[in-house]
Amino acid sequence: MSKRTHPRGTARPVRLLGDPVLRTECDPVRTFDASLERLVDDMFVTMYEEDGAGLAGNQIGVGLRVFVYDCEDDRGRRHVGHVVNPTLVAADGEQVVESEGCLSIPGLRFDTLRYQHAAVEGVDVKGRPVRVEGTGYFARCLQHECGHLAGEVYIDVLSGDARREAMRAIRALRE
């Protein structure tokens with residue numbers, strides 16, 4: 001992906017696997033004010049600086065249900081935005097195995113099974129309802145970010161040989 005920019009905000013450190021905040025379910029956003037807007041701006045700047053396609057609040061140590069994204073679907077259409085208090089309302093269609101990575105587990109990618117289609121409902125920073133729906137890589141991103149907000153990381157959905165390979169690779173990194 002090319003380097004993208006966001007007009008305002010400050011990059012924050014990305015929390016890495018092993019940080020308890022990544023394994024804690026995020027709380028709903030209850031206050032829609034300038035601090036929430038700053039958080040979303042900071043999340044975009046951080047995501048772009050790290051060359052990611054999505055970023056959840058807990059990945060920068062903020063235990064709130066919000067994520068940002070900038071990625072393409074399987075038709076090459078770019079989707080850019082954010083969702084506050086998201087709910088994954090659909091994850092369906094064909095299941096596809098593709099390489100997936102995570103900013104909180106840098107340098108590692110594993111073949112991960114995800115649904116081809118996903119839809120998320122929530123609100124924006126002003127509290128207005130939003131529905132985001134996509135296919136392909138964008139659907140994968142929506143499922144991945146919703147998982148983060150539930151205290152999960154993508155390696156949790158791996159099984160069999162893929163999970164064993166991931167666990168070995170993560171152990172090797174820590175040693």
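Residue numbers run from 1 in the order of the sequence given. Heavy atoms only: backbone and side chains are in, while hydrogens, waters and symmetry mates are out.
Hydrophobic clustering (side-chain heavy atoms under 4.5 Å, transitive across Ile, Leu, Val, Met, Phe, Trp, Tyr) keeps Val130 apart from Val68. Both Met167 and Phe110 are assigned to one and the same hydrophobic cluster, defined by single-linkage of ILVMFWY side chains at heavy-atom distances under 4.5 Å. Neither Val84 nor Phe67 shares a network with the other; the hydrophobic side chains, linked directly or stepwise wherever heavy atoms of I, L, V, M, F, W or Y lie under 4.5 Å apart, form separate groups for each. A continuous path of ILVMFWY side-chain contacts below 4.5 Å connects Val29 to Phe44, so both sit in one hydrophobic cluster.
In this structure a side-chain-to-backbone donor-acceptor pair under 3.5 Å is present from Asp124 to Gly127. Thr135 contributes no side-chain N or O that, together with a main-chain N or O of Gln116, makes up a donor-acceptor pair within less than 3.5 Å. Not one N or O on the side chain of Arg78 forms a donor-acceptor pair closer than 3.5 Å with the backbone of Asp70. Panel note: side chain Asp42, backbone Thr10; a donor-acceptor pair is recorded below 3.5 Å.
With side-chain heavy atoms closer than 4.5 Å counting as contact, directly or through intermediates, Val157 stands alone and belongs to no larger hydrophobic cluster.
The CZ atom of Arg131 sits 11.0 Å away from atom OG1 of Thr87, with the distance rounded to the nearest 0.5 Å. The structure places CZ of Arg30 at 8.0 Å from CG of Asn85, a figure rounded to the nearest 0.5 Å. Note that CG of Leu88 and CD of Glu121 are 10.0 Å apart. Values are rounded to the nearest 0.5 Å. Atom CG in Leu17 sits 5.5 Å away from atom CD1 in Ile170 (nearest 0.5 Å). With rounding to the nearest 0.5 angstrom, the CG atom of Leu39 is 10.5 Å from the CG atom of Asp33.
Within the 4.5 Å cutoff, side-chain heavy atoms of Cys102 are placed close to those of Gln59. A 4.5 Å side-chain heavy-atom check between Met43 and Arg12 finds every atom pair outside the cut-off. Here the side chains of Asp111 and Ser99 are in contact, with some heavy-atom distance below 4.5 Å. In this structure, the side chains of Cys71 and His79 stay at 4.5 Å or more apart for every pair of heavy atoms. Asp156 is listed as a side-chain neighbour of Arg23, based on a closest heavy-atom distance under 4.5 Å. Two residues are said to be in side-chain contact when any heavy atoms from C-beta on lie closer than 4.5 Å; Glu133 and His117 meet this criterion.
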Donor-acceptor list for residues 140-154 side chains, cut-off 3.5 Å, not counting sequence neighbours:
residue : atom : partner : partner atom : Å
Arg140  : NH1  : Glu100  : OE1          : 2.6
Arg140  : NH1  : Thr112  : O            : 2.9
Arg140  : NH2  : Val96   : O            : 3.0
Arg140  : NH2  : Thr112  : O            : 3.2
Gln143  : OE1  : Tyr115  : N            : 3.2
Gln143  : NE2  : Tyr115  : O            : 2.9
Gln143  : NE2  : Ala139  : O            : 3.0
His144  : ND1  : Glu100  : OE2          : 2.6
His144  : NE2  : His148  : NE2          : 3.2
Glu145  : OE1  : Ala56   : N            : 3.2
His148  : ND1  : Glu152  : O            : 3.4
Tyr154  : OH   : Glu100  : O            : 3.1
Tyr154  : OH   : Leu108  : O            : 3.4

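What you find for Ala11 and Val45 is that their closest heavy atoms are N-CG1, 3.5 Å.
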Legend entry - Verdict with supporting geometry, His82 and Asp41, side chain to side chain contact (heavy atoms under 4.5 Å, CB included): CA-CA 10 Å; His82 70 277; Asp41 288 341; over 6 Å; no
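Listed by chain and residue number, nothing satisfies the salt bridge (Lys or Arg N to Asp or Glu O under 4.0 Å) test with Arg109 (two or more places apart in sequence, or in another chain).
Contact check on Arg164 versus Asp161 returns a salt bridge, with a Lys/Arg side-chain nitrogen under 4.0 Å from an Asp/Glu carboxylate oxygen.
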